[in-house]
**Student:** 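So that we are looking at the same thing, I have put the structure below in structure tokens.
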Amino acid sequence: MAAMKVIGLLGGMSWESSAEYYRIVNERVRERLGGLHSARCVLYSVDFAEIERMQVEGRWDDAAAVLADAARALVRAGAEVVVLCTNTMHKVADRITDGLGVPLLHLADATAEAVTAAGLTRVGLLGTAFTMEQDFYTGRLAAHGLDVLTPGAADRAEVHRIIYEELVLGVVEESSRQVYREVIGRLVERGARGVVLGCTEIELLVSTRDSPVPVFPTTRLHAELAVDLALADQRPGPGRRFTG
């Protein structure tokens with residue numbers, strides 16, 4: 001077997017979800033290789049307060065510059081593929097990869113691959129307001145032939161609030177879980193046949209038990225696919241998995 005590639009985890013947005021990435025990649029390696037094997041990976045964790053302020057102020061170019069510097073640091077540390085451990089900041093994924101020299105595994109592509117493999121074409125999407133309302137994520141899913149439904153305005157606002165006021169702080173409230181269940185229910189009533197958990201922190205709150213249709217946990221899908229590629233000696237091909 002070829003040597004395991006080094007996975008570069010670009011995280012900190014929030015560190016709560018980045019910890020999940022680290023756990024999942026190591027669990028996947030152990031599952032695949034057994035014994036005492038663990039992932040060859042490096043982690044760069046940014047200060048989320050700085051990134052969140054840039055999000056709110058619409059300073060996406062500044063955020064892209066910060067993350068591009070961090071991604072280059074991962075490559076200097078030996079990363080052979082980069083995983084951006086956040087859905088929202090995939091808004092600037094293309095700018096992060098400029099001159100990077102290694103592929104960035106795009107989270108929306110990993111998610112779309114799983115949805116398509118499940119035989120579904122219409123899914124609901126939960127995430128931050130940026131992810132639900134802007135085209136960088138829904139458009140990427142649509143490019144895979146998926147019909148993406150997002151919650152109504154009031155539901156979007158509450159889903160976003162719970163992420164930023166609770167989940168990124170590690171706060172998991174049963175009342176918020178119920179809110180998400182109700183939002184999912186309304187998406188299903190509108191025709192969603194599955195639900196994409198399009199924010200890495202949502203998996204701290206919602207699981208398959210909370211939905212009458214399949215859920216697609218983007219953190220797990222992204223992290224596990226990164227490991228599978230790292231172990232398969234697979235190079236970027238003509239598909240849409242990689243950016244850059």
**Student:** If you round to the nearest 0.5 Å, how far is OG of S17 from CD1 of I24?
**Tutor:**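 Nearest 0.5 Å value for the CD1-OG distance: 10.0 Å.
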
**Student:** Quick one: salt bridge (charged side-chain N to carboxylate O under 4.0 Å, His left out) partners of E224, sequence neighbours excluded?
**Tutor:**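 Salt bridge (charged side-chain N to carboxylate O under 4.0 Å, His left out) list for E224, sorted by chain: R28, R220.
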
**Student:** Using the salt bridge (Lys or Arg N to Asp or Glu O under 4.0 Å) rule, collect all pairs that involve residues 118-130, keeping only residues at least two apart or in two chains.
**Tutor:**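 Salt bridge (Lys or Arg N to Asp or Glu O under 4.0 Å) check on residues 118-130 returns R122-D147.
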
**Student:** For the residue pair A226 and V83, what are the closest heavy atoms and their distance?
**Tutor:**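 Taking A226 first and V83 second, the nearest heavy atoms are CB-CG2, 3.7 Å.
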
**Student:** Do D62 and E57 come within less than 4.5 Å of each other through their side chains, counting heavy atoms only?
**Tutor:**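 Of all side-chain heavy-atom pairs linking E57 with D62, none is under 4.5 Å.
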
**Student:** Before you tell me yes or no, could you show the steps for L205 and E166 under side-chain contact (heavy atoms from CB on, under 4.5 Å), namely the whole-Å CA-CA distance, both residues' side-chain angles and the distance that decides it to 0.1 Å?
**Tutor:** CA-CA 10 Å; L205 182 69; E166 298 175 15; over 6 Å; no

**Student:** Compare all side-chain heavy atoms of V227 with those of E31 and state whether any distance is below 4.5 angstrom.
**Tutor:**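 The answer is no; the side chains never approach within 4.5 Å.
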
**Student:** Quick check: closest heavy atoms across A64 and I96, and the distance to 0.1 Å?
**Tutor:**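 The pair with the smallest heavy-atom distance is O-CG1, 4.4 Å.
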
**Student:** How long is the span from the OG atom in S207 to the CG atom in L197, to the nearest 0.5 Å?
**Tutor:**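 Output value for this atom pair is 9.0 Å.
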
**Student:** T131 and side-chain hydrogen bond (donor to acceptor under 3.5 Å, both in side chains): which single residue from N87, T86, T88 fits?
**Tutor:**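 Passing option: T88.
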
**Student:** Strictly by salt bridge (Lys or Arg N to Asp or Glu O under 4.0 Å), give each pair with a member in residues 186-203 just once, sequence neighbours left out.
**Tutor:**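 Qualifying pairs, neighbours excluded: D155-R186.
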
**Student:** Starting at CZ of R30, measure out to OG of S38 and round the result to the nearest 0.5 Å.
**Tutor:**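 Reported to 0.5 Å precision, the distance equals 10.0 Å.
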
**Student:** Please list, chain by chain and in numerical order, all residues satisfying salt bridge (charged side-chain N to carboxylate O under 4.0 Å, His left out) with E133, sequence neighbours excluded.
**Tutor:**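 For E133, the residues satisfying salt bridge (charged side-chain N to carboxylate O under 4.0 Å, His left out) (neighbours in sequence not counted) are R156.
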
**Student:** Could you list the donor-acceptor pairs under 3.5 angstrom formed between side-chain atoms of residues 69-79 and any protein atom two or more places apart in sequence or on another chain?
**Tutor:**
from, atom 1, to, atom 2, distance (Å)
D69, OD1, R72, NH2, 2.4

**Student:** Applying salt bridge (charged side-chain N to carboxylate O under 4.0 Å, His left out), name anything that partners E158, two or more places apart in sequence or on another chain.
**Tutor:**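 With sequence neighbours excluded, E158 shows a salt bridge (charged side-chain N to carboxylate O under 4.0 Å, His left out) to R161, given in chain and number order.
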
**Student:** Give the minimum heavy-atom separation between A223 and Y21, together with the two atoms involved.
**Tutor:**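 Minimum heavy-atom contact is CB-CD2, 3.9 Å.
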
**Student:** Please report the closest heavy-atom contact between C85 and G11, naming both atoms and the distance.
**Tutor:**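 Where C85 meets G11 most closely, the heavy atoms are CB-CA, 4.1 Å.
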
**Student:** Residues two or more places apart in sequence or in another chain: which of them pass salt bridge (charged side-chain N to carboxylate O under 4.0 Å, His left out) with D47?
**Tutor:**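 Applying salt bridge (charged side-chain N to carboxylate O under 4.0 Å, His left out) to D47 gives none.
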
**Student:** Distance from T111 atom OG1 to H106 atom NE2, nearest 0.5 Å?
**Tutor:**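 Separation between the atoms: 9.5 Å.
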
**Student:** Between W15 and Y22, is there a shared hydrophobic cluster once you connect ILVMFWY residues whose side-chain heavy atoms come closer than 4.5 Å?
**Tutor:**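 No, it is not one cluster - the side chains of W15 and Y22 are not joined through contacts under 4.5 Å.
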
**Student:** Look at the side chain of T200 and the backbone N and O of T219, then say whether any donor-acceptor pair between them is shorter than 3.5 Å.
**Tutor:**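 Not a single qualifying donor-acceptor pair exists.
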
**Student:** Can you give me the closest heavy-atom contact between G127 and C199, atom names plus distance?
**Tutor:**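 In terms of heavy atoms, the two residues are closest at CA-CB, 3.9 Å.
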
**Student:** Only counting residues at least two apart or in another chain, list the ones meeting side chain to side chain contact (heavy atoms under 4.5 Å, CB included) with A192.
**Tutor:**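 A192: side chain to side chain contact (heavy atoms under 4.5 Å, CB included) contacts with L149, L187.
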
**Student:** Is any side-chain N of the basic residue among R177 and E174 closer than 4.0 Å to the acidic one's carboxylate O?
**Tutor:**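 Judged by the 4.0 Å cut-off on N to carboxylate O distance, R177 and E174 do form a salt bridge.
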
**Student:** Verify the cluster assignment for L169 and Y180: are they in a single hydrophobic cluster under the rule of side-chain heavy atoms below 4.5 Å apart?
**Tutor:**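 Cluster IDs for L169 and Y180 match.
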
**Student:** Do L107 and L120 belong together in a cluster built from hydrophobic side chains that touch within less than 4.5 Å?
**Tutor:**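 In one cluster with L107: L120, yes.
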
**Student:** Hydrophobic clusters here meaning ILVMFWY residues chained together by side-chain heavy-atom distances under 4.5 Å, can you tell me if L204 and V215 are in one?
**Tutor:**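 As far as the 4.5 Å side-chain criterion goes, V215 and L204 are connected within one cluster.
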
**Student:** Could you tell me which residues satisfy ring-ring contact (aromatic ring centres under 6.0 Å, His included) with F130, sequence neighbours excluded, listed by chain and number?
**Tutor:**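 Listed in chain order: W60, H160.
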
**Student:** Output all residues satisfying ring-ring contact (aromatic ring centres under 6.0 Å, His included) with Y137, sequence neighbours left out; order by chain, then residue number.
**Tutor:**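 If we apply the ring-ring contact (aromatic ring centres under 6.0 Å, His included) test to Y137, skipping adjacent residues, there are no hits.
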
**Student:** Do the non-hydrogen side-chain atoms of I184 and L126 ever get within less than 4.5 Å of each other?
**Tutor:**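 They are in contact (side-chain heavy atoms under 4.5 Å apart), so the answer is yes.
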
**Student:** Calculate, to the nearest 0.5 Å, the distance between atoms CD and CG belonging to E113 and L221 respectively.
**Tutor:**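 Reported value, rounded in 0.5 Å steps: 9.5 Å.
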
**Student:** I need the minimum non-hydrogen distance between G198 and L125, along with the two atoms involved.
**Tutor:**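 Closest heavy-atom pair between G198 and L125: CA-CD1, 4.0 Å.
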
**Student:** Side chains of L84 and M89: closer than 4.5 Å at any heavy-atom pair?
**Tutor:**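 Of all side-chain heavy-atom pairs linking M89 with L84, at least one is under 4.5 Å.
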
**Student:** Tell me whether V148 is reachable from F216 by hopping between hydrophobic residues (I, L, V, M, F, W, Y) whose side-chain heavy atoms are closer than 4.5 Å.
**Tutor:**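 Shared cluster, yes.
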
**Student:** I'd like to know if the side chain of H144 reaches the main chain of L146, judged simply by a donor and an acceptor atom lying under 3.5 Å from each other, with no hydrogens or angles considered.
**Tutor:**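 Flag not set: sc H144 to bb L146 has no pair under 3.5 Å.
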
**Student:** For R40, what residues pass the side chain to side chain contact (heavy atoms under 4.5 Å, CB included) criterion, not counting sequence neighbours?
**Tutor:**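 For R40 the side chain to side chain contact (heavy atoms under 4.5 Å, CB included) partners, ignoring immediate neighbours, are M4, V6, E80.
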
**Student:** Would you indicate whether the side-chain heavy atoms of V102 and V81 approach each other to under 4.5 Å?
**Tutor:**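 Answer no - side chains too far apart.
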
**Student:** Quick one: do E20 and R23 satisfy salt bridge (Lys or Arg N to Asp or Glu O under 4.0 Å)? Show the steps, please.
**Tutor:** CA-CA 5 Å; E20 289 295 292; R23 178 181 62 81; 2.5 Å; yes

**Student:** Working to the nearest 0.5 angstrom, can you tell me the gap between S176 OG and I202 CD1?
**Tutor:**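 Taking OG in S176 and CD1 in I202, the distance rounds to 11.5 Å.
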
**Student:** Please collect all salt bridge (Lys or Arg N to Asp or Glu O under 4.0 Å) contacts where either partner lies in residues 6-17, sequence neighbours excluded, each pair once.
**Tutor:**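 Counting only pairs at least two positions apart or across chains, no salt bridge (Lys or Arg N to Asp or Glu O under 4.0 Å) contact touches residues 6-17.
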
